[in-house]
Amino acid sequence: MLFDKFQTMADFQAELAEQHVKPFGAVTEKILSATEGVVEGRNVILAGTNNYLGLSFDPRCIEASREAASRWGTGTTGSRLANGSFTEHQALEKEIAEFYGVDHAIVFSTGYAATMGMCSTLAGPGDTILLDADSHASIYAGVKLSGADIIRFKHNNPEDLAKRLRRLGDRAGQALIIAEGIYSMLGDVAPLQEIAAVKREYGGYLFLDEAHSMGALGETGRGAAQAAGVEADVDFFAGTFSKSLGAIGGFCVSQHAELEAIRFCINAYIFTASSAPSIIASTRAALRIIQEEPQLRQQLWDNAHRLYDGLKALDLPVGPTASPVVAVEMEDRKATIECWKALMAAGVYVNLVIPPASPSTNFLLRNSISAAHTSEQIDTIIAAYSDLIATGLITPTSKAT
Ligand code: PMP
């Protein structure tokens with residue numbers, strides 16, 4: 001039967017309904033601020049958004065958006081190639097290229113379209129792509145579409161990348177290497193100095209998805225490559241406007257002039273409507289703010305450390321270093337769902353992540369922090385986890401069998 005493959009998901013949905021939990025697609029009825037909302041009838045602290053700098057509620061972004069909607073209307077009703085390229089889109093492309101200190105930029109309607117579109121187009125049949133095994137679904141979708149030979153290297157493992165490039169011999173110089181800055185599920189950062197060194201030794205082109213690291217890392221917020229001092233080794237930077245910039249949309253920037261030709265070969269650019277000008281306007285405002293207010297980035301990291309240190313002090317299985325994403329790894333699905341439910345009851349809304357969205361076979365309670373969270377809110381989140389331990393729903397690492 002055509003639908004047989006969906007039975008596992010249907011069974012899982014039934015299990016969740018039986019337990020009266022809705023971890024996927026829980027409906028937010030009201031947004032009170034960048035960090036608070038009413039979800040499924042409860043007032044909750046939003047601890048699972050990617051609103052890293054809290055800009056979704058910045059009055060300057062809202063005003064820019066409002067003004068653009070009045071001036072340009074609600075949508076472009078066409079693709080960039082047809083009738084959807086407005087001066088707003090061009091202005092943002094110029095500004096994002098300037099922000100990265102390069103000459104070429106493409107703005108896409110979503111981050112997914114940016115990574116999927118670029119990865120499906122940059123390499124084609126006869127080419128080779130080497131991608132980090134924990135790459136985002138949009139990267140996997142893109143490389144699959146590309147028709148190129150696909151080789152996965154072990155997550156964040158430059159030695160494995162080097163080994164696989166070495167095996168390619170002469171073809172290594174033409175290969176496309178794909179990595180991310182901060183990885184979205186565990187919050188770990190790619191070892192970019194080592195990856196760049198491997199690229200320098202064997203050749204190839206480096207494509208870096210800075211979706212979670214733009215705005216969060218680097219002296220001016222350009223991301224993980226800037227923080228690692230290896231921007232010159234990156235051929236293509238991709239990212240999204242839906243996280244630190246608080247809107248929606250995506251981009252790719254590059255110093256390669258070929259990007260202008262590539263633009264017209266990307267189906268995810270050509271055959272989809274361009275972003276509404278109101279979205280572009282708020283993104284432009286947010287891009288200005290992240291450059292003018294580095295203190296937001298400092299606040300994000302102060303908050304990230306507060307949450308990470310608090311959860312680590314509870315002896316919970318969190319990652320090796322503090323990050324704007326702090327994930328608690330769980331082994332048991334039922335227990336993870338129970339924890340999610342209890343956190344909601346305590347007024348804390350986090351992401352429940354199940355394989356294959358989580359990188360291993362583990363389940364995750366994924367917390368993401370914002371510069372807009374107050375210390376009190378972070379302490380409430382930590383206290384909610386402490387209660388999970390007190391009620392036996394979660395076992396601290398040292399007591400795990
Ligand atoms: N790349 C990565 C690494 C992501 O985590 C995401 C979204 N979670 C995307 C791309 C897609 O971005 P968007 O949600 O803005 O479409």
Side-chain angles (χ1 to χ4, degrees), residues 24-25 46-53 55-56 61 92 96 106-122 129 131-145 152 155-156 176-190 192 195 206-217 222-225 234 236-253 266-269 272-276 279-280 282-283 286-287 290 319 323-327 350-354 356-359 364 366-370:
F24 310 117
L46 303 171
T49 72
N50 302 302
N51 200 357
Y52 297 123
L53 302 179
L55 291 181
S56 66
C61 297
L92 177 54
I96 192 108
I106 306 178
V107 162
F108 293 82
S109 304
T110 66
Y112 190 100
T115 35
M116 192 270 279
M118 289 304 301
C119 294
S120 61
T121 310
L122 275 174
I129 295 176
L131 80 160
D132 185 288
D134 285 2
S135 290
H136 187 256
S138 57
I139 296 174
Y140 271 105
V143 301
K144 204 167 166 191
L145 264 182
R152 279 189 287 186
H155 175 53
N156 275 352
L176 180 66
I177 302 163
I178 303 176
E180 295 174 27
I182 292 179
Y183 280 83
S184 60
M185 289 298 136
L186 299 178
D188 48 341
V189 184
L192 288 175
I195 288 176
L206 180 57
F207 178 94
L208 186 65
D209 185 354
E210 296 267 25
H212 290 266
S213 26
M214 182 215 196
L217 281 174
R222 295 205 293 236
V234 178
F236 299 93
F237 292 91
T240 177
F241 304 141
S242 73
K243 304 187 193 302
S244 283
L245 298 180
I248 186 167
F251 68 89
C252 179
V253 301
I266 307 170
N267 282 357
Y269 176 86
T272 192
S274 58
S275 289
I279 300 290
I280 298 289
S282 84
T283 304
L287 190 60
I290 70 169
S323 168
V325 175
V326 186
V350 307
N351 304 129
L352 181 135
V353 184
I354 60 165
S358 59
L364 303 177
R366 176 187 181 273
N367 309 275
S368 63
I369 204 76
S370 170

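When a ligand or atom number is given, it counts from 1 through the structure's own listing order.
Taking only nitrogen or oxygen atoms, main chain and side chain alike, T115 does not reach within less than 3.5 Å of ligand 1. The shortest N or O to N or O distance between A211 and ligand 1 is not below 3.5 Å.
The closest protein non-hydrogen atom to atom 9 (C) of ligand 1 is H136 CE1, 3.5 Å. Protein heavy atom in closest approach to atom 8 (N) of ligand 1: K243 NZ, 3.0 Å. Remark: minimum distance from atom 1 (N) of ligand 1 to any protein heavy atom is reached at D209 OD2, 2.6 Å.
T115 places no side-chain N or O within 3.5 Å of a backbone atom of I139 that could act as its donor or acceptor partner. In this structure, S135 contributes its side chain and L131 its backbone to no donor-acceptor pair below 3.5 Å. Panel note: side chain E210, backbone A225; a donor-acceptor pair is recorded below 3.5 Å. Judged purely by atom type and a 3.5 angstrom limit, N351 uses its side chain to pair as donor or acceptor with the backbone of G48. S109 contributes a side-chain N or O that, together with a main-chain N or O of A273, makes up a donor-acceptor pair within less than 3.5 Å. Formation of a donor-acceptor pair under 3.5 Å by the S120 side chain with backbone atoms of G117 is found in this model. In this structure, the side chain of S323 engages the main chain of G187 through a donor-acceptor pair within 3.5 Å.
With ligand atoms numbered from 1 in the order given, ligand 1 contributes 11 (C), 12 (O), 13 (P), 16 (O) to contacts under 4.0 Å with heavy atoms of Y112. Shown in contact with G111 at under 4.0 Å from a heavy atom are these atoms of ligand 1, numbered in order with element: 11 (C), 12 (O), 13 (P), 15 (O), 16 (O). Heavy-atom contacts of S242 reach the following atoms of ligand 1: 13 (P), 14 (O), 15 (O) (cutoff under 4.0 Å). Applying the 4.0 Å criterion to heavy atoms of S184 picks out, from ligand 1, the atoms 5 (O).
Ligand 1 has S138 within reach: a non-hydrogen atom of the residue lies less than 4.0 Å from it.
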Note to self: Let's go through V107 and I280 carefully: what are the C-alpha distance in whole Å and the side-chain angles of both, what is the deciding distance for side-chain contact (heavy atoms from CB on, under 4.5 Å) to 0.1 Å, and is it a yes or a no?
What the structure shows: CA-CA 9 Å; V107 162; I280 298 289; 4.1 Å; yes
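Atom 5 (O) of ligand 1 has its nearest heavy-atom neighbour, among H212, M185, E180, in H212.
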